[in-house]
Amino acid sequence: MPEILIVDDEKEIADMLNAFLENEGYEIKKAYNGNDALKILEKSKPDLALLDVMLPDIDGFTLLRKIREKDFFPVLMLTARSEDLDKITGLSLGADDYITKPFNPLEVVARVKTQLRRYHTYNQENTLEIEEYDHNGLCVSPGSHKVFLFKKEIKLTPLEFKILWYLCSHAGEVVSSESLFENVWEEKYLDNNNTVMAHIARLREKLHEPPRKPKYIKTVWGVGYTIEK
């Protein structure tokens with residue numbers, strides 16, 4: 001039974017999400033602040049977390065950073081703010097999705113199911129030895145799901161790895177933002193370029209890419225992204 005952690009200081013919202021998700025057969029753990037959430041995470045690892053951005057002690061972004069230091073399960077951010085900067089910040093820190101309040105709880109359930117399906121499918125993929133990407137100091141292995149930059153391992157989330165491997169598997173080609181989104185997120189592209197841009201920016205940061213002249217993931221303006229063959 002998948003376990004979901006709900007972190008929200010608004011008890012009514014946390015209880016509502018609890019009821020809807022529990023009805024779908026998920027095991028639920030709740031915390032009304034960030035410190036209680038950290039205590040739960042010390043004892044067990046959920047399959048997915050729903051994090052409110054505005055918490056009374058530590059904010060959701062800080063909690064997300066702490067989670068991403070060692071865990072890569074899906075994280076969906078909940079917020080009453082709709083500014084693009086907040087969304088880009090959350091996605092850049094490793095969030096997998098962003099939901100703005102007020103929301104339809106059935107939409108949250110649908111997004112949770114999508115993220116869990118993607119996460120478990122990805123982590124149970126066939127790991128038979130297949131061709132690696134090894135070029136200019138960057139080695140990406142789909143068999144071990146590991147990335148090395150000049151023989152030093154780079155830690156990526158499953159979603160980040162999937163983005164990078166999709167580009168590597170199309171090395172020498174220009175991959176459009178639409179194609180990247182629909183193949184990695186497995187959802188219809190609806191002007192989601194900010195989502196793609198935020199994850200590419202995070203990948204470049206982890207690969208120590210200079211923002212103006214990236215060495216590996218290059219932008220083809222107005223088209224998409226490419227990586228050298």
Side-chain angles (χ1 to χ4, degrees), residues 1-123 157-160 185-187 190 192 194-199 201-202:
M1 182 183 298
E3 180 181 298
I4 296 174
L5 172 63
I6 299 171
V7 187
D8 198 314
D9 63 327
E10 296 183 68
K11 189 174 185 298
E12 296 79 6
I13 290 179
D15 290 347
M16 175 187 65
L17 289 172
N18 188 149
F20 274 85
L21 291 167
E22 206 169 53
N23 190 54
E24 295 292 326
Y26 299 119
E27 183 178 338
I28 307 299
K29 290 188 177 179
K30 287 186 295 183
Y32 302 119
N33 59 65
N35 284 315
D36 285 348
L38 289 174
K39 290 176 184 177
I40 292 173
L41 290 167
E42 286 175 2
K43 298 177 181 177
S44 65
K45 185 176 77 171
D47 294 273
L48 180 144
L50 292 162
L51 304 184
D52 186 20
V53 171
M54 303 298 290
L55 295 170
D57 45 7
I58 60 175
D59 63 72
F61 293 142
T62 300
L63 182 55
L64 175 61
R65 284 192 192 97
K66 290 182 178 294
I67 289 173
R68 284 295 179 251
E69 286 174 3
K70 59 178 182 178
D71 290 315
F72 303 109
F73 53 78
V75 175
L76 283 71
M77 305 300 292
L78 305 173
T79 181
R81 304 185 301 189
S82 59
E83 288 87 349
D84 283 343
L85 181 59
D86 285 342
K87 295 181 180 180
I88 292 171
T89 299
L91 294 170
S92 297
L93 291 173
D96 296 276
D97 204 351
Y98 213 99
I99 302 171
T100 304
K101 299 177 181 178
F103 50 73
N104 184 330
L106 293 177
E107 180 187 355
V108 178
V109 171
R111 294 199 188 194
V112 165
K113 287 181 177 180
T114 297
Q115 291 294 336
L116 285 173
R117 181 173 63 250
R118 182 182 300 141
Y119 178 66
H120 290 301
T121 299
Y122 177 82
N123 285 285
T157 67
L159 184 59
E160 289 167 347
W185 277 263
E186 299 174 11
E187 296 175 9
L190 297 171
N192 286 294
N194 281 345
T195 300
V196 175
M197 286 175 59
H199 280 85
R202 181 63 174 160

Next item on the list: Taking the side chain as every heavy atom from C-beta outward, state whether V112 and Y26 have any atom pair closer than 4.5 Å.
Entry: yes
Check: Could you go step by step and tell me if V53 and Y98 meet the side-chain contact (heavy atoms from CB on, under 4.5 Å) rule?
Finding: CA-CA 10 Å; V53 171; Y98 213 99; 3.7 Å; yes
Notebook entry, point to check: Which residues pass the side-chain hydrogen bond (donor to acceptor under 3.5 Å, both in side chains) test with E107, sequence neighbours left out?
Noted result: R111
Item checked: Spatial distance of atom CG (N33) from atom CG (L38) [nearest 0.5 Å] -> 9.0 Å
Notebook entry, point to check: Hey, are the side chains of P74 and D47 touching, using non-hydrogen atoms and a 4.5 Å cut-off?
Noted result: no
Notebook entry, point to check: Roughly how far apart are L116 CG and L48 CG, rounded to 0.5 Å?
Noted result: 5.0 Å
Notebook entry, point to check: Considering only heavy atoms from C-beta outward, does the side chain of L21 approach that of I6 to under 4.5 Å?
Noted result: yes
Notebook entry, point to check: Any side-chain heavy-atom pair from F103 and I13 closer than 4.5 angstrom?
Noted result: yes
Note to self: Show every salt bridge (charged side-chain N to carboxylate O under 4.0 Å, His left out) that has at least one partner inside residues 33-43, sequence neighbours left out.
What the structure shows: none
Notebook entry, point to check: Taking only residues two or more places apart in sequence or in another chain, which ones pass side-chain hydrogen bond (donor to acceptor under 3.5 Å, both in side chains) with E24?
Noted result: K113
Checklist line | Nearest non-hydrogen partners of A31 and A37, listed with the distance | finding: CB-N, 3.6 Å
Using a 3.5 Å cut-off and no angle test, enumerate the donor-acceptor pairs between side-chain atoms of residues 54-65 and protein atoms at least two apart in sequence or in another chain.
{"from": "D57", "atom 1": "OD1", "to": "G34", "atom 2": "N", "distance (Å)": "2.9"}
{"from": "D57", "atom 1": "OD2", "to": "G34", "atom 2": "N", "distance (Å)": "3.3"}
{"from": "D57", "atom 1": "OD2", "to": "N35", "atom 2": "N", "distance (Å)": "3.0"}
{"from": "D57", "atom 1": "OD2", "to": "N35", "atom 2": "ND2", "distance (Å)": "3.1"}
{"from": "D59", "atom 1": "OD1", "to": "F61", "atom 2": "N", "distance (Å)": "2.8"}
{"from": "D59", "atom 1": "OD1", "to": "T62", "atom 2": "N", "distance (Å)": "2.8"}
{"from": "D59", "atom 1": "OD1", "to": "T62", "atom 2": "OG1", "distance (Å)": "3.3"}
{"from": "D59", "atom 1": "OD2", "to": "T62", "atom 2": "OG1", "distance (Å)": "3.3"}

Item checked: Residue pairs involving residues 67-79 (criterion salt bridge (charged side-chain N to carboxylate O under 4.0 Å, His left out); sequence neighbours excluded) -> R68-D96
Margin query: What I'd like to find out is whether the side chain of S44 reaches to under 4.5 Å of the side chain of E3, using heavy atoms alone.
Written below: yes
Notebook entry, point to check: Atom CG in L159, atom NE2 in H199: separation rounded to 0.5 Å?
Noted result: 4.5 Å
Checklist line | CZ-CD1 distance between F73 and I67, expressed to the nearest 0.5 angstrom | finding: 4.5 Å
Next item on the list: Working to the nearest 0.5 Å, report the span between CG of L51 and CG of L5.
Entry: 7.0 Å
Next item on the list: To the nearest 0.5 angstrom, please state how far the CG atom of L78 sits from the CG atom of L50.
Entry: 5.0 Å
Checklist line | Qualifying salt bridge (charged side-chain N to carboxylate O under 4.0 Å, His left out) pairs, either residue in residues 5-16, two or more places apart | finding: D8-K101, E10-K101, K11-D15, D15-K30
